[in-house]
2 protein chains.
Amino acid sequence: MRLAIEEADGLVHAAMMRAGFDTDEARIITDHVMGCELRGVSFGGLSRALSLIDRSAGAPRRPIRVLRDTPVSAVIDGQDQNGYLVAHRAVMLGIEKARVSGIGAVGAYDTWYTGMYAHYLEIAAEAGMVAMAMGSSGPRVAPHGAREGRFGTNPIGFAFPTADRPVILDIATSATPIAELVLAQRTGRTLPEGTAFDATGEETVDPMAALAGAIRVWGGHKGSGLAIVVQMMGILVGGGAMPADYQECGFFFLAMRPDLFGDEAAFRRRASDYAEKVRGARPEDPARPVRMPFDRSAETRAGILARGFIEVPDGIVAELVRIRNEGVRPGRP
Amino acid sequence: MRLAIEEADGLVHAAMMRAGFDTDEARIITDHVMGCELRGVSFGGLSRALSLIDRSAGAPRRPIRVLRDTPVSAVIDGQDQNGYLVAHRAVMLGIEKARVSGIGAVGAYDTWYTGMYAHYLEIAAEAGMVAMAMGSSGPRVAPHGAREGRFGTNPIGFAFPTADRPVILDIATSATPIAELVLAQRTGRTLPEGTAFDATGEETVDPMAALAGAIRVWGGHKGSGLAIVVQMMGILVGGGAMPADYQECGFFFLAMRPDLFGDEAAFRRRASDYAEKVRGARPEDPARPVRMPFDRSAETRAGILARGFIEVPDGIVAELVRIRNEGVRPGRP
């Protein structure tokens, strides 16, 4: 069904409060969830809001702790709280440290579902920071040349402020998003050949078998190497080496003030000029102009904001409304 | 011809001194050049030593300057000196800052030929640092979906110390190394279809035409995005946005002390254990066990060190001997 953007925002926020988050926490989660919807990343949107509530409900939450605090770094013990909150805290702390010290590097562990990294990276770019983010998770992706999972879909991303639209790269290092497997399973489709392995390491096109096994890494040995780097960074900050699903993820965030390395205004102008040169490169297909990282997301968001509504499956809206009105069902998983 | 390793080392060092580098500079360059030979990256070895001398000879060298020095960062004005010296200085300075402040981020600009990043990353890992390195250069690689160059082969790499062999990733973001084009040109081979564009943007299999045009980026839009990130980082630290060949490269180096984020010994053990788990993943091809980044390089180096010699084309040895004995020919380019 169609939901006006403000309506969807209000619904998620109210459901989150009813599920036990305070106003600020509900706002952090809602901004992230709505950020996904506005970029067309619907699996990170309202349906993810429900998963967050499912996984959070019941157990009392222990407060996030900041450890090993230095002027340039910190580690956050996420205390098994959801990554939307934990990673957000890491990002805000990293930005704060970079404001004061020039650089802030903050790791986080004991968390899960860290969400869409472009969301954090855009916050950093808006704060005027050059930034990097990485996140490790459970072994659902096979290294290059292997049939067994050894790391997660391990996103890595970077942000640069410019004189206009920021440059934001946010890439997963798996060949396929897990969400695509879940979608294929729900809709009864098979996967393309060569996408995945089952739990015994045999190739499979069955999404259910792939979800119990592993998917292929993106980019051959180079992409596999990057995925390993992300997993190592997760291990560095206290994340699990090969954690079980939806726990013990590692998150790493780095922010740097651009004026450490030169005049900031001059950098922003040069960055914007360079972005225009990339966009102006002669395209392979004249109908498809070359894009900078984040261009497509920014255009999608502008389009959705202009039309004013998002499309959400009826069942998801109904469940959020039920939670807002009646609270979380006791005994939900 | 075969050259004993110590003989090759001595020859390069002597030629570098004769070409006007002091003892320490000659040692830095020689270690890097020999590091390439020992990893089987021969285009970065003795032949590169000759290119370095060619490009350096003649003009008096202006001293490298350190600017914007803070406890956590600096920028190096390379003064058009070769990257083997400039990037090495950036790396050593970054490590020094990280020893004191926990983190060191050092950029460098006005340099060229920054070499093999695994070399710098191994220095960092041996110093006990988690590190990242990136380098921008001239527009010889086309963005995803474009027919014109907008960035260089733009390496990006990371290093992690472990309880045994470090984990070092060093990847170029172009689909093909420039050295392969040069080799194809020298040996009269054509390039595989779909590798490159000529100066007008048409596809070409002629290596000469490709060298005047652009090659494809690795990894589709994700690899292209990473290459753009590297170019942006080069711009951030003062490198050219789209510099001419062999000048105005940008170099970025980050070092972090692992104990910022947890107990260092525990991290090293966990990292080594994880590396073993990756190596132990069931391989796709039973004859090809899964490797960690750097495993192949380390094995190649161990093999070459064990046999005690390297193979170098006669002409390259003769030219280095001539320079050592007679000095650099006046008027060389």
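So that the names make sense, note that chain A is the first sequence line, chain B the second, and so on, each numbered from 1. Source: prediction; values computed, not measured.
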salt_bridge(A/E284, B/R216) N-O dist < 4.0 Å: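 Looking at B/R216 together with A/E284, the answer is yes, because their closest N to O distance falls below 4.0 Å.
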
Sidechain N-carboxylate O distance under 4.0 Å for A/R282, B/E202: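 Between B/E202 and A/R282 there is a salt bridge, with a charged N closer than 4.0 Å to a carboxylate O.
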
Let me know if [X] has heavy atoms under 4.5 Å from chain B in its side chain, its backbone, both or neither.
X      : answer
A/A74  : backbone
A/E264 : neither
A/P143 : side chain

Could you tell me which of [options] has the largest number of non-hydrogen atom pairs under 4.5 Å with chain A?
options                : result
B/A172, B/G107, B/A275 : B/A172
B/T70, B/V72, B/T173   : B/V72
B/R68, B/E203, B/E148  : B/R68

Residues of residues 236-243 of chain A with any heavy atom under 4.5 Å of a heavy atom in chain B: A/L236, A/V237, A/G238, A/G239, A/G240, A/A241, A/M242

Proximity of residues 218-230 of chain A to chain B, residues having a non-hydrogen atom under 4.5 angstrom: A/W218, A/G219, A/K222, A/G223, A/G225, A/L226, A/I228, A/V229

Among [options], which residue forms the greatest number of heavy-atom pairs with chain B at distances under 4.5 Å?
options                        : value
A/P139, A/A142, A/A105, A/A159 : A/A105
A/A266, A/P71, A/S73, A/P258   : A/S73
A/M232, A/Q231, A/H144         : A/M232

[X] versus chain A, the contacting section by heavy-atom distance below 4.5 Å:
X      : answer
B/V278 : both
B/M233 : both
B/Y109 : neither
B/L260 : both

Sequence neighbours excluded, every pair satisfying salt bridge (Lys or Arg N to Asp or Glu O under 4.0 Å) that has a member inside residues 223-233 of chain B: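 The answer is none; no pair qualifies.
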
Passing option when B/F261 is tested against A/V75, A/V106, A/I235 for side-chain contact (heavy atoms from CB on, under 4.5 Å): A/V75

Check: residues 285-294 of chain B side-chain donor-acceptor pairs under 3.5 Å, at least two apart:
from, atom 1, to, atom 2, distance (Å)
B/D285, OD1, B/A287, N, 2.8
B/R291, NH1, B/E299, OE1, 2.5

